[in-house]
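Below: one structure, written as structure tokens.
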Amino acid sequence: LAGEYHHVLHGKLPWTPIAKLDTLHAWINDGLMAVFFFVVGLEVKREMIAGNLADPASRRLPVLAAAAGMAVPALVYLSVAGGDPRLERGWAIPAATDIAFAMGVIGLLGNRVPAELRLFLLTVAIVDDIGAVLVIALVYTQAIAFEWLLAGVLVVGGMIALNRNRVERMWPFVLGALMLWFCILNSGVHATIAGVAAALIVPMRRRDGHSMLERMEHALVRWNAYLILPVFGFANAGVALAGLGLVAVLDPLPLAIAAGLVIGKQLGIFGSIVVADKIGFAPRPANSSWAQIWGTAVL
């Protein structure tokens, strides 16, 4: 069914309301995943204000681990690629963490994973994703449409004004999030970053026992787990392996990417946690064994 799978996901749609999203695959990766990142952003903000990340010191470790988890895989990639100038531009490929798949696996493990460790991975992946977007924008993007970026900044300003003026209705923030997504989509920067940015502006003032942020998170979290993640996984797992022999797998490019991901990620993330814990810069995630932390670094 490879042909049908590719046609359904990558074939041009007969009609689309947004010209840039002309395939089902594009709608999933740039549309549905923006909702996924919106929910992730809501969760991170809630934890930063009233949860395990409320203490600034507790945010040090995820930021450090994310930075090391990008830098070390890039260095491993460059060391394996062997200085081939044609391959050097691919250094950022193994630097990115696939937050959707990582959180999907963590979700399957349920309460066997400490809540603190799940939040740690979530925060690492968010920081990593912001870093990846910056790398794409600064190194790989052919052209950024700055007028659309400026429009996005204005939308963000408007949403902040809504928050500051204590607007309690949900629809202006939903409309603002959609407008921000559309602006970022057309700017050339990955549209999913709009989801995180919009989520961080949603108010968390409690009214009648629940804040707007908590109501949004509660309404969307199941859609995230049971629809968006599985659809994303199905749409992005269709990698063609036909005719790929052992010799091709051992070529410098796939070998460098695999080494960067498998070796570099573990070294960067797990190594930075060990060092930070030992020197007292930041403690390791609470209620987590070193084996569990290593397993998270593998993810």
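Predicted model only: the values in this text are computed from it and were never measured.
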Check your understanding: Is there a path from Val105 to Val231 through hydrophobic residues (I, L, V, M, F, W, Y) whose side chains come within less than 4.5 Å of each other?
Key -> yes
Practice item. Work out which heavy atom in Ala177 is nearest to a heavy atom in Ala198; give both atom names and the distance. Key: CB-CB, 3.8 Å
Check your understanding: Any side-chain heavy atom of Asp30 within less than 4.5 Å of one from Lys20?
Key -> no
Practice item. Run through Glu217, Met212, Glu214 and flag the one making a side chain to side chain contact (heavy atoms under 4.5 Å, CB included) with Leu42. Key: Glu217
Review point. Short question: side chain of Arg207, backbone of Glu168 - any donor-acceptor pair under 3.5 Å?
Key: no
Check your understanding: So Phe101 and Phe232, would you call those rings parallel, tilted or perpendicular, with 30° and 60° as cut-offs?
Key -> tilted
Revision key, fill the gap. Residues at least two apart in sequence or cross-chain that pass salt bridge (charged side-chain N to carboxylate O under 4.0 Å, His left out) with Arg118, listed by chain then number, are Glu43
Review point. Quick one: does Val167's side chain get under 4.5 Å of Phe173's, heavy atoms only?
Key: yes
Practice item. Examine distances only and state if a side-chain atom of Tyr5 and a backbone atom of Ala235 form a donor-acceptor pair shorter than 3.5 Å. Key: yes
Review point. Should we say atom CG of Leu1 is surrounded by more than 12 heavy atoms from elsewhere, each under 6.0 Å from it?
Key: no
**Study point:** Single hit among Pro285, Pro283, Ser272 for side chain to side chain contact (heavy atoms under 4.5 Å, CB included) with Leu61
**Key:** Pro285
Point to revise | Closest contact, heavy atoms only, Thr123 versus Pro62 | key: CG2-CB, 3.6 Å
Study note, to complete from the structure: For Gly268 and Ala68 the tightest heavy-atom approach is O-CB, 3.3 Å
**Study point:** Within residues 9-43 or reaching into it, pairs that qualify as ring pair (Phe, Tyr, Trp, His ring centres under 6.0 Å) - sequence neighbours excluded
**Key:** His6-His10, His10-His25
Practice item. Spell out, as yes or no, whether a donor-acceptor pair under 3.5 Å connects the side chain of Asn163 to the backbone of Ile201. Key: yes
Review point. Are the side chain of Thr16 and the backbone of Leu21 linked by a donor-acceptor contact shorter than 3.5 Å?
Key: yes
Check your understanding: Would you say Phe234 and Met103 are hydrophobically clustered, going by side-chain heavy atoms of ILVMFWY under 4.5 Å?
Key -> yes
Practice item. May I ask you to check whether over 12 heavy atoms, not counting those of Arg205, lie within 6.0 Å of atom CZ? Key: yes
Check your understanding: Between atom CD of Glu47 and atom CG of Leu119, what is the distance when rounded to the nearest 0.5 Å?
Key -> 4.5 Å
**Study point:** Leu78 side, atom CG; Asp84 side, atom CG - distance, nearest 0.5 Å
**Key:** 11.5 Å
Check your understanding: Are Val39 and Tyr226 co-members of a hydrophobic cluster defined by side-chain heavy atoms under 4.5 Å apart?
Key -> no
Review point. Below 4.5 Å, heavy atoms only, C-beta onward: do Met179 and Met159 meet side chain to side chain?
Key: no
Practice item. Measure the shortest side-chain to side-chain distance between Leu149 and Cys183 over non-hydrogen atoms and say whether it is less than 4.5 angstrom. Key: no
Check your understanding: Are Met216 and Val44 connected in a single hydrophobic cluster, I mean Ile/Leu/Val/Met/Phe/Trp/Tyr linked by side-chain heavy atoms less than 4.5 Å apart?
Key -> yes
Point to revise | Under 3.5 Å: donor-acceptor pair, side chain of Ser58, backbone of Pro56 | key: no
Practice item. With side chain to side chain contact (heavy atoms under 4.5 Å, CB included) as the test, would you mind laying out the steps for Ile293 and Leu117 before giving the verdict? Key: CA-CA 7 Å; Ile293 293 171; Leu117 197 55; 4.0 Å; yes
Exercise for review: Can you see which heavy atom on Ala66 is nearest to which on Asp128, and at what distance?
Suggested key: CB-N, 4.0 Å
Check your understanding: Is the backbone N or O of Gln292 less than 3.5 Å from a side-chain atom of Thr296, with the two atoms forming a donor-acceptor pair by type?
Key -> yes
Check your understanding: Rounded to the nearest 0.5 Å, what separation is found between the CH2 atom of Trp91 and the CD1 atom of Ile93?
Key -> 10.5 Å
Revision key, fill the gap. Output for pair (Leu175 CG, Arg169 CZ), nearest 0.5 Å, gives 13.5 Å
Study note, to complete from the structure: For Leu9 and Thr23, the nearest pair of non-hydrogen atoms, with its separation, is O-CB, 3.6 Å
Review point. Are Val127 and Ile106 grouped together when hydrophobic residues (ILVMFWY) are joined by side-chain heavy atoms under 4.5 angstrom apart?
Key: no
Check your understanding: Trp290 versus Arg284: any side-chain heavy-atom pair under 4.5 Å?
Key -> yes
Practice item. Keeping the roles fixed (side chain from Tyr77, backbone from Leu253), state whether a donor-acceptor pair exists under 3.5 Å. Key: no
Exercise for review: List the steps and the verdict of side chain to side chain contact (heavy atoms under 4.5 Å, CB included) for Val275 and Phe281.
Suggested key: CA-CA 8 Å; Val275 171; Phe281 176 76; over 6 Å; no
**Study point:** Flag side-chain contact, heavy atom, 4.5 Å: Ile18 against Phe182
**Key:** yes
Exercise for review: Calculate, to the nearest 0.5 Å, the distance between atoms CG and CE belonging to Leu213 and Met170 respectively.
Suggested key: 9.5 Å
Point to revise | Minimum heavy-atom distance Ala191-Ile184, with the two atoms named | key: CA-CG2, 3.8 Å
**Study point:** Under 3.5 Å: donor-acceptor pair, side chain of Asn224, backbone of Leu220
**Key:** no
Review point. Is the backbone of Ala161 close enough, under 3.5 Å, to the side chain of Asn165 for a donor and an acceptor to pair up by distance?
Key: yes
Practice item. Return yes when atom CG of Asp55 has more than 12 non-hydrogen atoms of other residues, nucleotides or ligands closer than 6.0 Å, and no otherwise. Key: yes
Review point. Could you give the distance from CG (Leu87) to CG (Leu255), rounded to the nearest 0.5 Å?
Key: 11.5 Å
Review point. Is there a side-chain contact between Val156 and Leu180, using heavy atoms and a 4.5 Å cut-off?
Key: yes
Practice item. Determine whether Lys265 and Pro73 make a side-chain contact, defined as any pair of heavy atoms from C-beta on separated by less than 4.5 Å. Key: yes
Review point. Is there a donor-acceptor pair closer than 3.5 Å between any side-chain N or O of Asp22 and the backbone N or O of Leu13?
Key: no
